[in-house]
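Written out below as structure tokens is the structure these notes cover.
Chain identifiers are assigned alphabetically (A, B, ...) following the order of the sequence lines, protein sequences preceding nucleic acid strands; residue numbering begins at 1 within each chain. All figures in this text were calculated on a predicted structure; none of them were measured in a lab. Hydrogens, waters and symmetry mates play no part in the numbers below; they use all other heavy atoms, side chains included.
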Amino acid sequence: MDFKRKKGQASGLPASQTKKLRGDWDDDAPSQFEEELAFMDEVEAEMAMELSEGQLSADVLPVGKLISDNIPPKWLRPPVSLTDPKEQTLCFQQVELDHYVGSHVSGMLGATQGPVPIIRMFGITEEGNSVCCHIHGFAPYFYVPCHTGFKQEDLSDFKKELNSAVIKDMRSNKDSISQAVLAVDVCHKENMYGYHGKKIIPFMKITMALPRLIAPAKRLLEQGLRFGRHPTHCYQAYEANIDFEIRFMVDNDIVGCNWIELPAGKYRLRKESQDEGPSKENPSKVSLAQIEVDISWADLISHPAEGDWQKIAPLRVLSFDIECAGRKGVFPEPDKDPVIQIANMVLRQGEKDAFIRNVFTLGTCSSIVGSQVLCFDREDALLKAWADFVRTIDPDIITGYNIQNFDMPYLINRAQTLKVPNFPFLGRIRSMKSVIRDSSFQSKQMGRRENKVINTEGRVQFDLLQVLLRDYKLRSYTLNAVSFHFLQEQKEDVQHSIITDLQNGNEQTRRRLAVYCLKDAYLPLRLMEKLMCVINYMEMARVTGVPLSYLLSRGQQIKVVSQLLRQAMKQDLVMPVVKSEGGEDYTGATVIEPLKGYYDVPIATLDFSSLYPSIMMAHNLCYTTLLQSGSIDKYGLSPEDFIKTPTGDCFVKASIRKGLLPEILENLLCARKRAKTELKKETDPFKQKVLDGRQLALKVSANSVYGFTGAQVGKLPCLEISQSVTGFGRQMIEKTKQLVESKYTLDNGYKADAKVIYGDTDSVMCKLGVQTVGETMEIGREAAEWVSSHFTPPIKLEFEKVYFPYLLINKKRYAGLYFSSSANTHDKMDCKGIETVRRDNCPLVANLINTCLQKILIDRDPMGAVEHAKDVISDLLCNRIDISQLVITKELTRTADEYAGKQAHVELAER
DNA sequence: TGGACATCCTAA
DNA sequence: TAAGTTAGGATGTCCA
């Protein structure tokens, strides 16, 4: 290798001496982070005896030009013990899958002519070996209903006609496909949209040669196809819009990140390419995975994530960060500004610390205890070595902070500028160049989001910034702010503006930069651990059945589609393709008109738990139970067979047909209950985390089913369902208010007339007229139980908490002291919708309002709040504004914004 | 100056 | 080609 290695040694210079050696830039003691790094070395030294990993093995010798030959042993994966595929089964946890178009491999299932789709699965064995599995013979398909008068003997004519239509439709046919339609079979299915008297009708299952042929075939059939003696007929397509990977997973009971077993004798091991070249019989390895195999789709076994199969393989997680030497005041540009450092941390999932810690530097750099320092004279050598490093350590998950939109594209563009050979091959497929694509992703939920996408086949990019943007609402998303928020820890203190100066200094100043860079690679790992990202995302993938990477690259709908298809398949129900067009919005939830004011009495809060899912379950609301106009007469249904919802839509009862959606929801909520019980019993903290991640994923999934039916620009909108759900919800909150106010009265022997002072969607706030929190809790519990009895199970009203005191400012704006675990002490001060929780105010306003609320609610000193507000303002404006009211508005916000706003902008501009 | 409308962000 | 829902407050902008 063309670089010098400087290994930081645990027995190196004591901290006090290192300090003296440093340049002018460094006037502070070694940071806590440096001590942490050093400590990791010590821990490792102790464990060194036990480490079995890291010995060079014959199975992972260098691969052509993509990997250099002088490899630190630690970087390698453990040696492969699999030698005899006839005798040994191969089990691995799949973490990523995709498909490609290749040619038939003899001995495998599937078409023997022309291009064929091949599913490619990447995963890790329990021993930590990487696996690439080519799965053969699975072909894409969709359905159309047979038209009336269709006979079995028409099939071959139909197939021929469709085949030639599809081929004629192709603009070019460079693969010279002659068999676009592989098969047409009649099968009996039912449309899941609407109740049709449970009538199974004949459908044609049309199997195509390639996934990309589905769309034209569907289009041609919709436009109308004529064949044989039949007149032209327009067909409606079913399940023609399902991603090929999802189709494969659903059909084979595979869920994201589950374990796959390849039985002995059923799979074939690929070898490194030999001189005689690849043969059809035995294709050679195309990936960098240690184990590469071929199998027919029908031979693999998928294990549901239960019992022992809940385990997680020792995935390798790489976190990295780069530094560029930008020009003063200009954002670095890859065609001008060099990459000067790349810091890397590699962790085995489940372990506490990274086992590889290093930093690639341009120019010399003093040693850092706890980290390897790899120095390079030339930038192109640095980049080449880094790409080699990535391919060698072979990560399953790549993380970092904003790597997707900054670090990765920058490296690729920079390498291109410098013409670094073989740089942009960062995935597991040797021939696949990693390229940058722009993608814009738009949804009502997240607005328009422009992103860069870089393909790294077989490795999941798990950009922590993207995770945080999706899952957390934060004031600031800088790595510094986020680290402080979750870890109470900060970045190493290096101003962006001095990075270039540090680089141009000496090996000590570059060392300081390296420590900073290392910390930026380290923090994302810490955050992932703290927020349990890998575990939670894996559980979400397992619960919803989609690949891990979909969770970050796709929206909410795909998760519901995946579950819906799985449930539908069991009952021979098929999903229609609907053209989505935005229409009229429907009515949502009721917000009870608040009786605004300051309440110095306990207020009980009663909530319907999982309101929308329980409504759908209680009333059997589903696509499959929906009665479209005329259906009641058509199927001779009597009034006791169906219900009419508050919006006038009709659905058959479960006694006639049990809906898919209620079934899905029951499964999710039952599984959640199970996970929670298991969680209570579990003592192993790691398994606890897994279970907690699971119960959360189950809850979130249940709640997104309603949103799916209401998504008008979606895969299968059904406004009858969603508006019925909100309709029931509106009725229920009204009824709850009435019930509470009618029972808890003086006339009925209670201490006072109860009053519902506010309520939103699924909750009511009740003034019960008793003076203590304890009494309020007692009556609240009783009331919740009594009200519940008026509704169909599993609908349940629960007592949740008492607010005392309670400040009700407006709809969706209130604050109060929150009592739930104890009647004596409050758990927290709860603020909803107020400036303190909004991110469109400067922190000054949030803090001011927060302090005011504390004074009012905790100190019970409203005048103190006014005084405080006055003080703050006079600090700012020398008393020019007269505040006579408690409610602070516009004037202050705007003034404070001007004051603090600039700072906020600087922060935002950082990345 | 006030109303219509857009934008942002939250509650649920 | 892909995108969960509506309600609603606070504020900002435009225009008669």
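- Rounded to whole angstrom, the span from the CG atom of A:D840 across to the P atom of B:dT7 amounts to 15 Å.
- Look at CD1 on A:I733: it is 18 Å from P on C:dT6, rounded to the nearest Å.
- Whole-Å rounding puts the A:Q557 CD to C:dT5 C1' distance at 11 Å.
- Where A:K812 and A:A711 each meet DNA chain C at their nearest nucleotide, the meeting point lying more 5' is that of A:A711.
- Spacing between atom CZ of A:R554 and atom P of C:dG4 amounts to 10 Å, rounded to whole angstrom units.
- In terms of heavy-atom proximity, A:L611 sits nearest to A:D762 at CD2-CB, 3.6 Å.
- The side chain of A:R839 lies closest to B:dC9, out of C:dA7, B:dC9, C:dT5.
- A:Y814 has a side-chain polar atom (N or O) that falls below the 4.0 Å cut-off from OP1 or OP2 of B:dA12.
- Across the protein-nucleic acid pair, A:R437 atom CZ and C:dA2 atom C1' stand 13 Å apart, rounded to whole Å.
- Within the nucleic acid shown, A:V560 has no heavy atom closer than 4.0 Å to any nucleic acid atom.
- Residue contacts shown for A:Y612 are absent, as no nucleic acid heavy atom lies under 4.0 Å away.
- Remark: aromatic rings of A:H619 and A:F651 are distant, center separation not under 6.0 Å.
- Residue contacts shown for A:T587 are limited to sugar-phosphate atoms, with no base heavy atom under 4.0 Å away.
- Contacts of A:G588 with the nucleic acid, taken as non-hydrogen atoms under 4.0 Å apart, involve only primed sugar atoms and P, OP1 or OP2.
- A:V713 comes within 4.0 angstrom of a nucleotide base, judged by non-hydrogen atoms across all strands.
- Along DNA chain C, the nucleotide closest to A:G714 and the one closest to A:T590 are compared, and the more 5′ of them pairs with A:G714.
- A salt bridge does not link A:E245 with A:R247: none of the charged nitrogens is closer than 4.0 Å to a carboxylate oxygen.
- For A:Y238 and A:Y143, the gap between ring centers reaches or exceeds 6.0 Å.
- Among the atoms of the strands shown, only primed sugar atoms or phosphate atoms (P, OP1, OP2) are found under 4.0 Å from some heavy atom of A:D243.
- You'll find that the side chain of A:Q556 is closest to C:dG4, out of B:dC8, C:dA10, C:dG4.
- For A:R813 and B:dA11, the CZ to P distance is 10 Å, given to the nearest whole Å.
- In this structure, CG of A:D585 is placed 9 Å from P of C:dT5, rounded to the nearest angstrom.
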Task: Worked check of salt bridge (Lys or Arg N to Asp or Glu O under 4.0 Å) between A:K801 and A:D827 - done: CA-CA 10 Å; A:K801 65 218 168 207; A:D827 302 301; over 6 Å; no
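- Here A:K811 lies in heavy-atom contact (under 4.0 Å) with sugar-phosphate atoms only.
- Atoms CD1 (A:I558) and P (C:dG4) sit 10 Å apart, rounded to a whole Å.
- For NZ of A:K811, the number of neighbouring non-hydrogen atoms (other residues, nucleotides, ligands) closer than 6.0 Å is greater than 12.
- Across all strands, A:K473 comes closer than 4.0 Å only to sugar-phosphate atoms, never to a base (heavy-atom distances).
- A close approach under 4.0 Å does not occur between any side-chain nitrogen or oxygen of A:N241 and OP1 or OP2 of C:dA2.
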